[in-house]
Amino acid sequence: MESKPYVLEHGTEFDKETLIQEFSNIQSELLPKVKLENHFQKDELQLIAGVDLAYWDVNDTMYGTCCIVVIDYHTKEVVEKVYSYGVITIPYIPGFLAFRELPLILEAVEKLTKLPDLYMFDGNGYLHYRHMGIATHASFFLNKPTIGVAKSYLKIQGIDFIMPENRMGAYTDIVINNEVYGRTLRTTKNVKPIFVSCGNWIDLDTSTEIVMNCINKESRLPIPVRLADLETHKMRKQLSR
DNA sequence: GCGACAG
DNA sequence: ATCTTGTCGC
(Lines give C-alpha, C1' and ligand atoms only; values in the text may rest on other atoms or scores of the structure.)
Protein backbone atom coordinates (compact mmCIF):
# COMPACT_ATOMS: atom_id res chain seq x y z
CA MET A 1 0.00 0.00 0.00
CA GLU A 2 1.28 3.42 -0.89
CA SER A 3 1.78 6.21 1.61
CA LYS A 4 -0.84 8.88 1.56
CA PRO A 5 0.41 12.05 -0.13
CA TYR A 6 0.39 15.29 1.83
CA VAL A 7 -0.23 18.72 0.38
CA LEU A 8 2.29 21.26 1.58
CA GLU A 9 1.71 24.40 -0.44
CA HIS A 10 0.17 25.30 -3.75
CA GLY A 11 -0.38 21.83 -5.03
CA THR A 12 3.02 20.47 -4.06
CA GLU A 13 2.60 16.92 -2.83
CA PHE A 14 4.97 14.73 -0.87
CA ASP A 15 4.52 11.24 0.44
CA LYS A 16 5.19 10.60 4.10
CA GLU A 17 8.37 8.60 3.57
CA THR A 18 9.93 11.41 1.53
CA LEU A 19 9.02 13.94 4.22
CA ILE A 20 10.62 11.81 6.92
CA GLN A 21 13.76 11.35 4.86
CA GLU A 22 14.18 15.08 4.17
CA PHE A 23 13.23 16.12 7.69
CA SER A 24 15.75 13.67 9.17
CA ASN A 25 18.49 15.15 6.98
CA ILE A 26 17.67 18.66 8.14
CA GLN A 27 17.77 17.58 11.79
CA SER A 28 21.13 15.87 11.33
CA GLU A 29 22.63 19.00 9.78
CA LEU A 30 21.50 21.14 12.72
CA LEU A 31 22.71 18.80 15.47
CA PRO A 32 26.43 19.81 15.37
CA LYS A 33 25.41 23.41 16.07
CA VAL A 34 23.76 22.60 19.40
CA LYS A 35 25.57 23.88 22.51
CA LEU A 36 24.32 22.86 25.95
CA GLU A 37 26.01 25.74 27.75
CA ASN A 38 24.58 29.02 28.92
CA HIS A 39 25.04 31.70 26.32
CA PHE A 40 23.71 34.39 28.63
CA GLN A 41 24.08 35.80 32.10
CA LYS A 42 21.50 34.46 34.52
CA ASP A 43 21.13 37.81 36.25
CA GLU A 44 20.29 39.44 32.94
CA LEU A 45 17.25 37.26 32.29
CA GLN A 46 14.25 39.52 32.09
CA LEU A 47 11.70 38.43 29.49
CA ILE A 48 10.65 34.79 29.16
CA ALA A 49 8.29 33.61 26.45
CA GLY A 50 5.97 30.60 26.45
CA VAL A 51 4.94 29.13 23.08
CA ASP A 52 2.00 26.85 22.34
CA LEU A 53 -0.49 25.94 19.60
CA ALA A 54 -4.08 24.72 19.44
CA TYR A 55 -5.83 23.09 16.50
CA TRP A 56 -9.28 22.69 14.96
CA ASP A 57 -10.60 21.57 11.63
CA VAL A 58 -13.18 22.86 9.19
CA ASN A 59 -14.32 20.57 6.38
CA ASP A 60 -11.24 18.36 6.59
CA THR A 61 -8.89 21.34 6.59
CA MET A 62 -6.75 21.64 9.71
CA TYR A 63 -6.25 25.07 11.20
CA GLY A 64 -3.99 26.11 14.02
CA THR A 65 -3.27 29.13 16.18
CA CYS A 66 0.03 29.89 17.87
CA CYS A 67 0.16 32.06 20.97
CA ILE A 68 3.26 33.46 22.60
CA VAL A 69 2.98 34.90 26.09
CA VAL A 70 5.91 36.88 27.45
CA ILE A 71 6.30 37.40 31.18
CA ASP A 72 8.72 39.34 33.33
CA TYR A 73 10.88 36.65 34.95
CA HIS A 74 11.00 38.48 38.28
CA THR A 75 7.50 39.87 38.75
CA LYS A 76 5.77 37.11 36.71
CA GLU A 77 3.58 39.79 35.16
CA VAL A 78 2.48 39.34 31.55
CA VAL A 79 4.40 41.78 29.37
CA GLU A 80 3.05 40.89 25.94
CA LYS A 81 0.80 38.45 24.09
CA VAL A 82 0.86 37.80 20.35
CA TYR A 83 -0.70 35.20 18.10
CA SER A 84 -0.89 33.89 14.56
CA TYR A 85 -3.19 31.45 12.84
CA GLY A 86 -3.65 29.67 9.55
CA VAL A 87 -3.95 26.38 7.70
CA ILE A 88 -1.72 23.56 8.94
CA THR A 89 -0.07 21.83 6.00
CA ILE A 90 2.33 19.41 7.63
CA PRO A 91 1.03 16.23 9.31
CA TYR A 92 1.95 15.38 12.88
CA ILE A 93 4.71 12.80 12.81
CA PRO A 94 6.33 11.87 16.14
CA GLY A 95 9.88 13.23 16.05
CA PHE A 96 9.06 15.97 13.57
CA LEU A 97 6.79 18.29 15.50
CA ALA A 98 8.84 21.39 14.70
CA PHE A 99 8.18 21.14 10.97
CA ARG A 100 4.46 21.28 11.66
CA GLU A 101 4.48 24.11 14.19
CA LEU A 102 7.39 26.37 13.21
CA PRO A 103 5.66 28.31 10.42
CA LEU A 104 2.99 29.72 12.75
CA ILE A 105 5.50 30.18 15.58
CA LEU A 106 7.78 32.34 13.43
CA GLU A 107 4.81 34.30 12.17
CA ALA A 108 3.81 35.09 15.75
CA VAL A 109 7.37 35.99 16.75
CA GLU A 110 7.36 38.66 14.04
CA LYS A 111 4.63 40.46 15.96
CA LEU A 112 6.59 40.75 19.21
CA THR A 113 7.58 44.33 20.02
CA LYS A 114 10.24 43.27 22.52
CA LEU A 115 12.42 40.24 21.91
CA PRO A 116 12.34 37.73 24.81
CA ASP A 117 15.61 36.63 26.43
CA LEU A 118 14.51 32.97 26.42
CA TYR A 119 11.72 30.80 24.97
CA MET A 120 10.00 27.84 26.62
CA PHE A 121 8.17 25.30 24.43
CA ASP A 122 5.35 22.86 24.89
CA GLY A 123 7.35 19.83 23.77
CA ASN A 124 10.86 18.42 23.99
CA GLY A 125 14.24 19.81 23.06
CA TYR A 126 17.34 17.63 23.42
CA LEU A 127 15.13 14.80 24.73
CA HIS A 128 14.47 13.51 21.23
CA TYR A 129 15.47 10.62 18.94
CA ARG A 130 18.04 12.84 17.23
CA HIS A 131 18.32 15.55 19.93
CA MET A 132 16.25 17.82 17.74
CA GLY A 133 12.90 18.35 19.45
CA ILE A 134 10.98 21.53 18.73
CA ALA A 135 12.72 23.60 21.41
CA THR A 136 16.15 22.83 19.98
CA HIS A 137 15.10 23.14 16.34
CA ALA A 138 13.34 26.46 16.92
CA SER A 139 16.37 28.02 18.61
CA PHE A 140 18.12 28.33 15.25
CA PHE A 141 15.36 30.60 14.00
CA LEU A 142 14.98 32.57 17.23
CA ASN A 143 18.67 32.99 18.03
CA LYS A 144 17.89 32.82 21.75
CA PRO A 145 18.24 30.17 24.46
CA THR A 146 15.32 27.70 24.56
CA ILE A 147 13.92 25.10 26.97
CA GLY A 148 11.68 22.11 26.19
CA VAL A 149 8.80 21.33 28.56
CA ALA A 150 6.74 18.22 27.74
CA LYS A 151 3.67 16.96 29.56
CA SER A 152 4.12 13.35 28.50
CA TYR A 153 7.11 11.12 27.97
CA LEU A 154 8.64 10.39 24.59
CA LYS A 155 10.22 6.98 24.98
CA ILE A 156 13.58 6.68 23.24
CA GLN A 157 15.31 3.36 22.58
CA GLY A 158 12.92 1.65 24.97
CA ILE A 159 14.24 3.55 27.96
CA ASP A 160 11.63 4.42 30.59
CA PHE A 161 11.92 7.39 32.91
CA ILE A 162 12.49 6.93 36.65
CA MET A 163 9.72 8.40 38.75
CA PRO A 164 11.12 11.16 41.02
CA GLU A 165 10.28 11.38 44.72
CA ASN A 166 6.96 12.93 45.62
CA ARG A 167 8.17 16.34 46.65
CA MET A 168 8.35 19.66 44.86
CA GLY A 169 11.61 20.04 42.94
CA ALA A 170 12.55 16.35 42.97
CA TYR A 171 13.92 15.03 39.68
CA THR A 172 15.62 12.12 37.95
CA ASP A 173 17.80 12.35 34.88
CA ILE A 174 16.89 10.57 31.67
CA VAL A 175 20.10 8.84 30.60
CA ILE A 176 20.38 6.90 27.35
CA ASN A 177 23.67 5.36 26.21
CA ASN A 178 25.48 7.19 28.99
CA GLU A 179 24.20 10.53 27.77
CA VAL A 180 21.77 12.77 29.66
CA TYR A 181 18.87 13.56 27.33
CA GLY A 182 16.64 15.38 29.78
CA ARG A 183 15.06 15.34 33.21
CA THR A 184 11.85 14.13 34.81
CA LEU A 185 10.85 16.97 37.13
CA ARG A 186 8.24 17.02 39.89
CA THR A 187 7.23 20.68 39.87
CA THR A 188 4.32 20.12 42.26
CA LYS A 189 3.80 17.64 45.10
CA ASN A 190 1.13 14.99 44.49
CA VAL A 191 1.03 15.83 40.79
CA LYS A 192 2.60 13.87 37.96
CA PRO A 193 5.97 15.16 36.76
CA ILE A 194 6.88 17.01 33.57
CA PHE A 195 9.80 16.38 31.22
CA VAL A 196 12.36 19.14 30.92
CA SER A 197 15.19 19.23 28.42
CA CYS A 198 17.65 21.73 27.03
CA GLY A 199 16.64 23.45 23.87
CA ASN A 200 19.87 25.17 22.97
CA TRP A 201 22.45 27.56 24.44
CA ILE A 202 21.54 26.59 28.01
CA ASP A 203 22.46 23.73 30.37
CA LEU A 204 20.06 21.31 32.05
CA ASP A 205 20.59 22.57 35.60
CA THR A 206 19.83 26.12 34.56
CA SER A 207 16.82 24.95 32.55
CA THR A 208 15.50 23.17 35.63
CA GLU A 209 16.13 26.21 37.81
CA ILE A 210 14.27 28.55 35.47
CA VAL A 211 11.34 26.16 35.11
CA MET A 212 11.04 25.80 38.90
CA ASN A 213 11.18 29.56 39.31
CA CYS A 214 8.17 29.80 37.01
CA ILE A 215 5.96 27.42 38.99
CA ASN A 216 3.01 28.60 41.03
CA LYS A 217 0.19 26.68 42.68
CA GLU A 218 -2.05 27.08 39.64
CA SER A 219 -0.34 24.45 37.51
CA ARG A 220 2.44 21.88 37.24
CA LEU A 221 3.53 23.71 34.10
CA PRO A 222 5.77 26.79 34.17
CA ILE A 223 3.75 30.01 33.91
CA PRO A 224 4.74 31.06 30.37
CA VAL A 225 3.78 27.69 28.87
CA ARG A 226 0.63 27.46 30.94
CA LEU A 227 -0.54 30.93 29.92
CA ALA A 228 0.26 30.28 26.27
CA ASP A 229 -1.79 27.09 26.51
CA LEU A 230 -4.79 28.95 27.96
CA GLU A 231 -4.41 31.67 25.37
CA THR A 232 -4.46 29.29 22.41
CA HIS A 233 -7.74 27.84 23.66
CA LYS A 234 -9.26 31.31 23.88
CA MET A 235 -8.04 32.19 20.41
CA ARG A 236 -9.43 29.00 18.95
CA LYS A 237 -12.85 29.86 20.36
CA GLN A 238 -12.77 33.21 18.60
CA LEU A 239 -11.19 32.08 15.35
CA SER A 240 -13.17 28.90 14.79
CA ARG A 241 -16.53 30.66 14.57
C1' DG B 1 0.80 -7.66 11.11
C1' DC B 2 1.15 -5.08 15.67
C1' DG B 3 2.32 -1.61 18.81
C1' DA B 4 4.25 2.86 19.72
C1' DC B 5 3.55 7.69 19.13
C1' DA B 6 6.25 15.20 22.18
C1' DG B 7 1.83 17.93 20.09
C1' DA C 1 -3.57 17.94 19.56
C1' DT C 2 -9.01 16.95 19.81
C1' DC C 3 -13.75 14.70 21.11
C1' DT C 4 -16.25 15.67 26.51
C1' DT C 5 -19.56 16.02 32.49
C1' DG C 6 -19.50 15.11 36.36
C1' DT C 7 -17.05 14.27 40.25
C1' DC C 8 -13.65 12.95 43.96
C1' DG C 9 -10.35 15.35 46.83
C1' DC C 10 -7.30 18.98 48.93
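Computed from a predicted structure; not experimentally measured.
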Participant: With heavy-atom distances below 4.5 Å as the criterion, would you say the side chains of A:I147 and A:I202 are in contact?
Facilitator: yes
Participant: What's the shortest heavy-atom distance between A:I105 and A:L53, and which atoms?
Facilitator: CG1-CD1, 3.9 Å
Participant: Can you find a pair of side-chain heavy atoms, one from A:M120 and one from A:R226, that are under 4.5 Å apart?
Facilitator: no
Participant: Classify every nucleotide of nucleotides 2-7 of chain B by which part a protein heavy atom approaches to under 4.0 Å, writing B for the base, S for the sugar-phosphate alone and - for neither, in 5'-to-3' order.
Facilitator: ---BBB
Participant: With the sugar-phosphate defined as primed atoms, P, OP1 and OP2, and the base as all remaining atoms, what B/S/- string results for nucleotides 5-10 of chain C, 5' to 3', for protein heavy atoms under 4.0 Å?
Facilitator: ------
Participant: Tell me if the NZ atom of A:K76 is crowded by more than 12 foreign heavy atoms within 6.0 Å.
Facilitator: yes
Participant: Indicate the ring-plane relationship of A:F161 and A:F195, choosing parallel, tilted or perpendicular according to the 30° and 60° boundaries.
Facilitator: perpendicular
Participant: Taking everything shown except A:Y83 itself, do over 12 heavy atoms lie less than 6.0 Å from its OH?
Facilitator: no
Participant: A:Y85 OH to C:dA1 P: how many Å, rounded?
Facilitator: 23 Å
Participant: Does A:Y73 OH have over 12 foreign heavy atoms under 6.0 Å away?
Facilitator: yes
Participant: Please name the pair of heavy atoms, one in A:L36 and one in A:C198, separated by the smallest distance, quoted to 0.1 Å.
Facilitator: CD2-CB, 3.7 Å
Participant: Students often get this wrong, so: under 4.0 angstrom with heavy atoms, is A:H137 touching a base, only sugar-phosphate, or nothing?
Facilitator: nothing
